[in-house]
A.B. asks: 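Next up is a structure, given as structure tokens.
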Amino acid sequence: MVLEGLQPGPTLIDQAYEAILAAIREGRLPPGVRINQDELAASLRISRQPVGQALTILKSQGFVRDNGRRGLIVAPLEEHLLRSIYELREVLDPLAARLAAERCSPAEATSGKRFLAAGRKARNDGLDADMRLHLWVYEVAGNPILTQTMGIYWNHLRRGIGLLQHTIPKDVWDEHESIVDAIARNDPAAAEKHALLHTHGAAARL
């Protein structure tokens with residue numbers, strides 16, 4: 001089975017949600033595959049109830065969907081969804097970068113440079129490092145609604161990029177460096193500009 005067992009605890013729903021989402025995001029539960037709640041519960045070594053509640057959340061976020069008599073399936077990867085997310089990113093990513101540059105502390109700047117270095121050193125596809133860096137920008141921006149919203153949509157993007165593109169081109173990390181450097185030196189205009197250029201380029205590559 002594709003999932004690892006969980007340790008019982010007070011947040012079993014959250015743990016089940018994160019485990020199933022990771023399997024969908026990384027393609028271990030591919031598009032169109034039928035979701036078997038009993039198998040997931042057995043794989044995670046928990047009861048059906050937290051798995052069912054986790055699946056309800058994932059359904060509301062578009063990661064799984066009803067499919068008639070087959071029950072729930074992993075949602076197909078749809079072009080219009082990815083296009084819509086990139087259209088949203090063209091507005092929100094520059095805003096996030098500008099806010100992050102206005103609010104970035106020296107400690108947060110150090111964290112950003114650490115994420116950047118990890119991305120450059122990524123030996124495999126670099127997809128998770130790419131996602132973590134963008135989530136760092138949203139977090140430094142200090143807007144919880146932005147962080148929560150884009151966190152969900154980045155899981156959709158991570159899934160799409162993994163299935164369609166498989167790797168992050170090395171020159172993307174030069175674009176990331178321009179964004180991180182502008183945020184670290186508290187330059188909102190430069191951060192906004194580089195984020196917009198990066199988003200345009202990412203959409204074109206995908």
Side-chain angles (χ1 to χ4, degrees), residues 1-6 9-93 95-96 99 125 127-166 168 199 202-203 206:
M1 190 59 190
V2 294
L3 306 179
E4 296 180 358
L6 299 179
T11 58
L12 285 179
I13 296 171
D14 291 338
Q15 292 183 67
Y17 168 85
E18 292 295 340
I20 299 168
L21 176 59
I24 294 172
R25 180 179 64 231
E26 296 164 11
R28 290 178 283 129
L29 286 172
V33 72
R34 181 176 176 271
I35 299 291
N36 186 306
Q37 190 170 326
D38 289 328
E39 287 184 3
L40 290 178
S43 179
L44 296 171
R45 300 179 193 140
I46 58 176
S47 68
R48 283 172 48 92
Q49 183 177 5
V51 171
Q53 291 176 294
L55 289 172
T56 297
I57 299 170
L58 291 164
K59 180 181 174 183
S60 73
Q61 295 173 346
F63 294 101
V64 301
R65 66 173 54 168
D66 288 315
N67 192 44
R69 294 182 179 178
R70 292 187 66 197
L72 289 177
I73 62 169
V74 176
L77 185 65
E78 296 175 329
E79 180 182 350
H80 74 86
L81 174 63
L82 297 181
R83 182 182 294 112
S84 296
I85 294 172
Y86 273 106
E87 289 173 352
L88 188 64
R89 282 189 63 193
E90 287 183 1
V91 177
L92 295 185
D93 276 27
L95 169 64
L99 292 175
D125 51 28
L127 298 175
D128 290 329
D130 179 62
M131 179 174 168
R132 284 193 294 269
L133 181 67
H134 283 281
L135 294 179
W136 169 81
V137 175
Y138 303 136
E139 289 170 3
V140 177
N143 185 313
I145 296 175
L146 177 64
T147 303
Q148 182 181 28
T149 300
M150 294 311 296
I152 293 171
Y153 289 132
W154 256 97
N155 277 288
H156 283 290
L157 283 182
R158 165 66 177 83
R159 181 175 174 235
I161 294 170
L163 290 170
L164 298 176
Q165 186 169 297
H166 305 296
I168 297 296
T199 304
L206 188 63

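Fair warning: this is a prediction, and the values are worked out from it, not measured in the lab.
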A.B. asks: Give the minimum heavy-atom separation between V74 and L29, together with the two atoms involved.
C.D. replies: CG1-O, 3.8 Å
A.B. asks: Can you list every salt bridge (charged side-chain N to carboxylate O under 4.0 Å, His left out) pair that touches residues 55-66, not counting sequence neighbours?
C.D. replies: K59-D66, R65-E78
A.B. asks: Tell me the salt bridge (charged side-chain N to carboxylate O under 4.0 Å, His left out) pairs involving residues 137-151, sequence neighbours left out?
C.D. replies: none
A.B. asks: Please report the interatomic distance CG(N155) to CG(L21), rounded to the nearest 0.5 Å.
C.D. replies: 4.0 Å
A.B. asks: List in chain and number order the residues that pass side chain to side chain contact (heavy atoms under 4.5 Å, CB included) with Q61, two or more places apart in sequence or in another chain; answer none if no residue qualifies.
C.D. replies: Y17, I57, L58, F63, I152
A.B. asks: With sequence neighbours excluded, tell me which residues meet salt bridge (charged side-chain N to carboxylate O under 4.0 Å, His left out) with R25.
C.D. replies: none
A.B. asks: For a quick test of reading the model, state the closest non-hydrogen atom pair linking D38 to N36 and the distance between them.
C.D. replies: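 Taking D38 first and N36 second, the nearest heavy atoms are N-OD1, 3.0 Å.
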A.B. asks: First locate atom CG of L40, then atom CZ of R48, and finally report the distance between them rounded to the nearest 0.5 Å.
C.D. replies: 10.0 Å
A.B. asks: With no hydrogens and no angle check, is any side-chain donor or acceptor of Q37 less than 3.5 Å from a backbone partner on V51?
C.D. replies: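 Pair absent, no side-chain N/O of Q37 close to backbone of V51.
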A.B. asks: For D130, enumerate each residue passing the side chain to side chain donor-acceptor pair (under 3.5 Å) test, keeping only those at least two apart in sequence or located in another chain.
C.D. replies: H176
A.B. asks: Which residues satisfy the salt bridge (charged side-chain N to carboxylate O under 4.0 Å, His left out) test with E90, sequence neighbours excluded?
C.D. replies: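 If we apply the salt bridge (charged side-chain N to carboxylate O under 4.0 Å, His left out) test to E90, skipping adjacent residues, there are no hits.
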A.B. asks: Going by heavy atoms in the side chains, are L82 and L77 under 4.5 Å from each other?
C.D. replies: yes
A.B. asks: Return the set of residues passing salt bridge (charged side-chain N to carboxylate O under 4.0 Å, His left out) with E26 (not counting sequence neighbours), or none when no residue passes.
C.D. replies: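 E26 satisfies salt bridge (charged side-chain N to carboxylate O under 4.0 Å, His left out) with R28 once adjacent residues are dropped.
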A.B. asks: Could you pull out all residues at least two apart from T56 that satisfy side chain to side chain contact (heavy atoms under 4.5 Å, CB included)?
C.D. replies: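 Side chain to side chain contact (heavy atoms under 4.5 Å, CB included) list for T56, sorted by chain: empty.
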A.B. asks: Residues in side chain to side chain contact (heavy atoms under 4.5 Å, CB included) with V91, at least two apart?
C.D. replies: none
A.B. asks: Got a sec, which residues hit side chain to side chain contact (heavy atoms under 4.5 Å, CB included) with P31, two or more places apart in sequence or on another chain?
C.D. replies: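 P31 satisfies side chain to side chain contact (heavy atoms under 4.5 Å, CB included) with R159, L163 only.
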A.B. asks: Taking only residues two or more places apart in sequence or in another chain, which ones pass salt bridge (charged side-chain N to carboxylate O under 4.0 Å, His left out) with R34?
C.D. replies: none
A.B. asks: Does anything in residues 24-54 form a ring pair (Phe, Tyr, Trp, His ring centres under 6.0 Å)? List the pairs, not counting sequence neighbours.
C.D. replies: none
A.B. asks: Would you please test I24 and V64 for side-chain contact (heavy atoms from CB on, under 4.5 Å) and show each step?
C.D. replies: CA-CA 9 Å; I24 294 172; V64 301; 3.9 Å; yes
A.B. asks: Taking the side chain as every heavy atom from C-beta outward, state whether D93 and H134 have any atom pair closer than 4.5 Å.
C.D. replies: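 Yes, close enough: below the 4.5 Å cut-off.
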A.B. asks: Is there side-chain contact between M150 and L88, with heavy atoms separated by less than 4.5 Å?
C.D. replies: yes
A.B. asks: Check whether S43 reaches the backbone of E39 with its side chain - one donor and one acceptor, N or O, closer than 3.5 Å.
C.D. replies: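 Judged by distance alone, no pair lies under 3.5 Å.
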A.B. asks: Could you pull out the closest heavy-atom pair between G62 and H156, with the gap in Å?
C.D. replies: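 What the structure gives for the nearest pair is O-CE1, 3.6 Å.
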A.B. asks: Between R89 and A202, which heavy-atom pair has the shortest distance, and what is it?
C.D. replies: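 It is NH1-CB, 4.3 Å.
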A.B. asks: Do N143 and Y138 have side-chain N/O donor and acceptor atoms under 3.5 Å apart?
C.D. replies: no
A.B. asks: How close do A16 and I46 get, heavy atom to heavy atom, and via which atoms?
C.D. replies: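 The answer is CB-CD1, 3.9 Å.
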A.B. asks: Which distance, rounded to the nearest 0.5 Å, do you find between the CG of L44 and the CD1 of I20?
C.D. replies: 6.0 Å
A.B. asks: Once rounded to the nearest 0.5 Å, what's the spacing between atom CG of L157 and atom CD1 of I85?
C.D. replies: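 Output value for this atom pair is 4.5 Å.
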